[in-house]
Q: 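Structure below; questions to follow.
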Amino acid sequence: MALVTAASRRIGAVLAKAAAQAGHDVVVHYRSDAQGAQAVVQAIEAMGRRAVAVQAELTNAGARTALIDQAAAFGPLRVLVNNASLFVYDQLETFQEADLRLHHEVNVLAPLALIRDFAARLPDGDEGVVVNMLDYKVTAPNPDFFSYTVSRVGIAHMTGALALALAPRIRVCGIAPGLTLPSAGWPEADYQAGAEATPLKRPVAVEDLAAALTFILTARSLTGQNLVVDAGAGLTRRDRDLEFA
């Protein structure tokens, strides 16, 4: 069984379907989009795999523990994809401590707690895989989305430590996407300008993120690595985020 957090839409939905295509039944986690989660479940079932939608508020410690328990109840839980994240704009000059704490809660504490409980529930004799969704900004940070970036850098730099802590039974990797889908309210022209500003002059295709996940799930000698899938964006240092290209 694979658990994918925030899997009711966008990249999370793509990753849930990729896990199914890789041969896993899937627990589709969602926070509020029950309809979207059910649509993903139906798509996975159409592939011939089992799927179930489970709601949980990941800022709640009890809900996080219950999510792992519920997921494991549907079958042996061998894959965890931490996709859920908080992404709110701020800068160093304007950030509030509460904003940083909330980003840390969602983007660092929640995935680490899920990883801990996932490891504890891995059946004896089984091998597990953890994949943390990151951001290309961890390789080339800039001041935009300050609290978000701080939280992403934190979890990204734990990949190697987590891989060592959980070896040999559990492999841990990260995927750091670049500009993929436009944020809500982002004008199409600005989105295209951001894509043009990358070395490959295009946005990241969601299919490439699915391929990265499939590779990690099937490459049994791979652990402790963050795969950067960003159309080359991290190769060029910028003063502003691609959203302001």
Side-chain angles (χ1 to χ4, degrees), residues 1-87 105-107 109-123 126 128-135 155 170 172-175 177 180-181 183-184 205-218 229:
M1 205 82 186
L3 167 61
V4 183
T5 64
S8 65
R9 61 192 186 96
R10 292 172 64 86
I11 291 173
V14 172
L15 298 176
K17 294 170 189 175
Q21 290 174 334
H24 299 276
D25 299 327
V26 183
V27 176
V28 178
H29 161 262
Y30 70 97
R31 177 176 177 266
S32 58
D33 185 10
Q35 184 175 357
Q38 195 55 45
V40 176
V41 166
Q42 292 172 355
I44 291 171
E45 290 176 338
M47 300 177 193
R49 306 300 316 187
R50 294 189 305 134
V52 63
V54 176
Q55 191 278 336
E57 173 52 71
L58 296 183
T59 59
N60 182 288
R64 293 192 294 260
T65 299
L67 174 60
I68 293 293
D69 290 342
Q70 288 177 277
F74 292 109
L77 187 58
R78 299 184 178 95
V79 175
L80 170 63
V81 181
N82 282 311
N83 173 67
S85 71
L86 180 66
F87 181 66
E105 179 85 20
V106 176
N107 297 346
L109 180 56
L112 289 178
L114 290 174
I115 291 168
R116 176 199 62 202
D117 294 344
F118 166 81
R121 294 298 300 266
L122 184 69
D126 280 3
V129 184
V130 171
V131 181
N132 293 319
M133 296 305 295
L134 308 169
D135 192 296
I155 193 70
I170 299 174
V172 182
C173 288
I175 299 174
T180 306
L181 299 173
S183 303
V206 292
E207 292 82 4
D208 292 337
L209 300 181
L213 177 61
T214 300
F215 173 62
I216 292 171
L217 294 180
T218 56
V229 187

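Please read all numbers here as calculations on a predicted model, not as lab measurements.
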Q: Where do Ile155 and Asn82 land on the side chain to side chain contact (heavy atoms under 4.5 Å, CB included) test, with the steps shown first?
A: CA-CA 11 Å; Ile155 193 70; Asn82 282 311; over 6 Å; no

Q: Where do Ala2 and Ala19 come nearest, in terms of heavy atoms and distance?
A: CB-CB, 4.2 Å

Q: I want to check something: taking the side chain as every heavy atom from C-beta on, are Phe74 and Val27 in contact at a cut-off of under 4.5 Å?
A: yes

Q: Got a sec, which pairs hit side-chain hydrogen bond (donor to acceptor under 3.5 Å, both in side chains) with one end in residues 35-46, sequence neighbours left out?
A: none

Q: Go through the structure and list residues passing side-chain contact (heavy atoms from CB on, under 4.5 Å) with Val206, not counting sequence neighbours.
A: Val14, Thr180, Leu181

Q: Rounded to the nearest 0.5 Å, what's the gap from CG on Leu77 to NE2 on His24? Could you check?
A: 10.5 Å

Q: Please identify each residue that fulfils side-chain contact (heavy atoms from CB on, under 4.5 Å) with Val229, with sequence neighbours left out.
A: Ile175, Val204, Asp208, Leu209, Ala212

Q: Is the closest side-chain heavy-atom distance between Ile216 and Val129 below 4.5 Å?
A: yes

Q: Taking all heavy atoms of Ser8 and all of Ala37, pick out the closest pair and write down the distance.
A: CB-N, 3.4 Å

Q: Can you find a pair of side-chain heavy atoms, one from Thr59 and one from Val106, that are under 4.5 Å apart?
A: yes

Q: Taking all atoms of both residues into account, what is the closest heavy-atom pair of Ala71 and Met1, and its distance?
A: O-CG, 4.3 Å

Q: Nearest 0.5 Å, please: how far is CD1 in Ile11 from CG in Leu15?
A: 7.0 Å

Q: Where do Leu3 and His29 land on the side chain to side chain contact (heavy atoms under 4.5 Å, CB included) test, with the steps shown first?
A: CA-CA 7 Å; Leu3 167 61; His29 161 262; 4.1 Å; yes

Q: Got a second to check how far Asp117's CG is from Leu67's CG, nearest 0.5 Å?
A: 9.5 Å

Q: Measure across Val41 and Ala53 and return the closest heavy-atom pair with its distance rounded to 0.1 Å.
A: CG2-N, 3.6 Å

Q: Taking the side chain from Asn83 and the backbone from Ala6, do they hold a donor-acceptor pair closer than 3.5 Å?
A: yes

Q: Tell me every residue that passes side-chain contact (heavy atoms from CB on, under 4.5 Å) with Ala61, counting only those two or more places apart in sequence or in another chain.
A: Arg64

Q: Can you confirm whether Ile44 sits close enough to Val28 that some side-chain heavy atom of one is under 4.5 Å from a side-chain heavy atom of the other?
A: yes

Q: What are the two closest heavy atoms between Met133 and Pro177, and how far apart are they?
A: CE-CG, 3.7 Å

Q: With side chains defined as the heavy atoms from C-beta onward, is the minimum distance between Val40 and Tyr30 less than 4.5 Å?
A: no

Q: Quick check for you: to the nearest 0.5 Å, what is the distance between Asp25 atom CG and Met47 atom CE?
A: 12.0 Å

Q: Does any non-hydrogen side-chain atom of Val26 lie less than 4.5 Å from one of Arg49?
A: no

Q: Once rounded to the nearest 0.5 Å, what's the spacing between atom CG of Leu58 and atom CG of Leu86?
A: 11.5 Å

Q: When you compare the side chain of Val130 with that of Leu114, does any pair of heavy atoms fall below 4.5 Å?
A: no

Q: Show the nearest heavy-atom pair for residues Val4 and Ala16, with the distance to one decimal.
A: CG2-CA, 3.9 Å

Q: Got a sec, which residues hit ring pair (Phe, Tyr, Trp, His ring centres under 6.0 Å) with Phe87, two or more places apart in sequence or on another chain?
A: Phe145, Tyr148

Q: Per the salt bridge (Lys or Arg N to Asp or Glu O under 4.0 Å) rule, what does the pair list look like for residues 30-39, sequence neighbours excluded?
A: Arg31-Glu57

Q: Would you say CZ of Arg121 has more than 12 non-hydrogen atoms from neighbouring residues, nucleotides or ligands within 6.0 angstrom?
A: yes

